[in-house]
Amino acid sequence: MPVSVRDLLPRDLPACTWAGSATHLRHVERELARAAVGAVDYLAVTTPVDLPVAIGGIDYQVAEGAGTLWQLAVLPALRSSGLGTLLIRAAEQRIRDRGLRGAELAVEESNPRARALYERLGYVAYGRRPEAWDEEGPDGSIRRYRTVCVLMRRELRAPARP
């Protein structure tokens, strides 16, 4: 299936319920406001009918000299089809376009599948830290989710000149 990468737009959010709860999508909506002022980029991999099947953000205000990838998600039925790789490579290009030479991310220790993808793409672990965020339960209740994440980084080279 041919796909393309573009900026995620507020009008896309109703089609992204697969990426998380209503609470999560409200958070993504707030991040889109930050994208409007250049603090972040939020990308969508879309199908030929313009439906998002993978999304993720790049925050430029977290790490000095690097873009921080976060909230990366792929439609569950399409995982392991290359969409995550495409999304990350597009994010890395956005980072390069800003003149930065590093990409960072955090992955839960309990998510070895995602960590393996990041390692295949050249990310190297350099530490770990506890993380926490609000999570919405099936009944709509909000609880604080706590986990430990592995911190990973990849140095980005400028593209080769023809």
Practice prompt. Could you walk me through whether D97 and Q93 pass the side chain to side chain contact (heavy atoms under 4.5 Å, CB included) test, one step at a time?
Written response: CA-CA 6 Å; D97 290 348; Q93 187 57 53; 2.8 Å; yes
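- Other cluster members for I142: none, since no ILVMFWY side-chain heavy atom sits under 4.5 Å from it.
- Other members of the cluster containing Y126 are L151, with ILVMFWY side chains joined at under 4.5 Å, either directly or via other members.
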Worksheet item: Run the side chain to side chain contact (heavy atoms under 4.5 Å, CB included) check on R115 and E109 step by step: do they pass?
Response: CA-CA 8 Å; R115 182 173 176 176; E109 286 183 333; 5.9 Å; no
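- The ring-ring contact (aromatic ring centres under 6.0 Å, His included) pairs that include a residue from residues 80-114 number zero, where partners must be two or more places apart or lie in different chains.
- The two residues P52 and I55 make their nearest non-hydrogen contact at CB-CG2, 4.2 Å.
- Screening residues 18-60 for ring-ring contact (aromatic ring centres under 6.0 Å, His included), with sequence neighbours left out, gives Y42-W70.
- Shown here are the salt bridge (charged side-chain N to carboxylate O under 4.0 Å, His left out) partners of R146, two or more places apart in sequence or in another chain: there are none.
- Residue pairs that meet the ring-ring contact (aromatic ring centres under 6.0 Å, His included) test with at least one member in residues 97-121, sequence neighbours left out, do not exist here.
- Here R89 pairs with E92 in a salt bridge; the nearest charged N to carboxylate O distance falls below 4.0 Å.
- Checked against V148 for a side chain to side chain contact (heavy atoms under 4.5 Å, CB included), the options E108, R128, R129 give a single hit: R128.
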Practice prompt. Take L121 and T85, measure what side chain to side chain contact (heavy atoms under 4.5 Å, CB included) needs, and give me the verdict at the end.
Written response: CA-CA 8 Å; L121 296 177; T85 297; 3.8 Å; yes
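- Residues L8 and V28 form a side-chain contact, since some pair of their non-hydrogen atoms from C-beta on lies under 4.5 Å apart.
- With salt bridges taken as basic N to acidic carboxylate O contacts below 4.0 Å, one links R6 and D12.
- Under the rule for a salt bridge (charged side-chain N to carboxylate O under 4.0 Å, His left out), E136 has no partner lying at least two apart in sequence or in another chain.
- Residues L69 and L87 form no side-chain contact, since every pair of their non-hydrogen atoms from C-beta on lies 4.5 Å or further apart.
- R153 is linked by a salt bridge (charged side-chain N to carboxylate O under 4.0 Å, His left out) to E104, E155, counting only residues two or more places apart in sequence or in another chain.
- By the side chain to side chain donor-acceptor pair (under 3.5 Å) test, S21 is found to be paired with no residue, residues two or more places apart in sequence or in another chain being considered.
- Residue L32 comes nearest to P10 through the heavy atom pair CD1-N, 3.6 Å, listed as atom of the first residue, atom of the second, then distance.
- In this structure, D134 pairs ionically with R144, as a charged nitrogen and a carboxylate oxygen lie closer than 4.0 Å.
- Across all non-hydrogen atoms, the minimal contact from P2 to P48 is O-CD, 3.0 Å.
- Between I95 and G102 the shortest heavy-atom distance is CG2-O, 3.4 Å.
- Applying the salt bridge (charged side-chain N to carboxylate O under 4.0 Å, His left out) test to R79 and every residue at least two apart in sequence or in another chain returns nothing.
- Cluster partners of Y145 are W133, counting Ile, Leu, Val, Met, Phe, Trp and Tyr whose side-chain heavy atoms approach within less than 4.5 Å, directly or via other members.
- Counting only residues at least two apart or on different chains, no ring-ring contact (aromatic ring centres under 6.0 Å, His included) pair has a member in residues 76-115.
- Proximity of a side-chain donor or acceptor of R94 to a complementary backbone N or O of I58 within less than 3.5 Å is not detected.
- Counting all heavy atoms, side chain and backbone alike, G57 lies closest to L72 at N-CD2, 4.4 Å.
- Looking at L117 and V107, their side chains never come closer than 4.5 Å, going by heavy atoms from C-beta outward.
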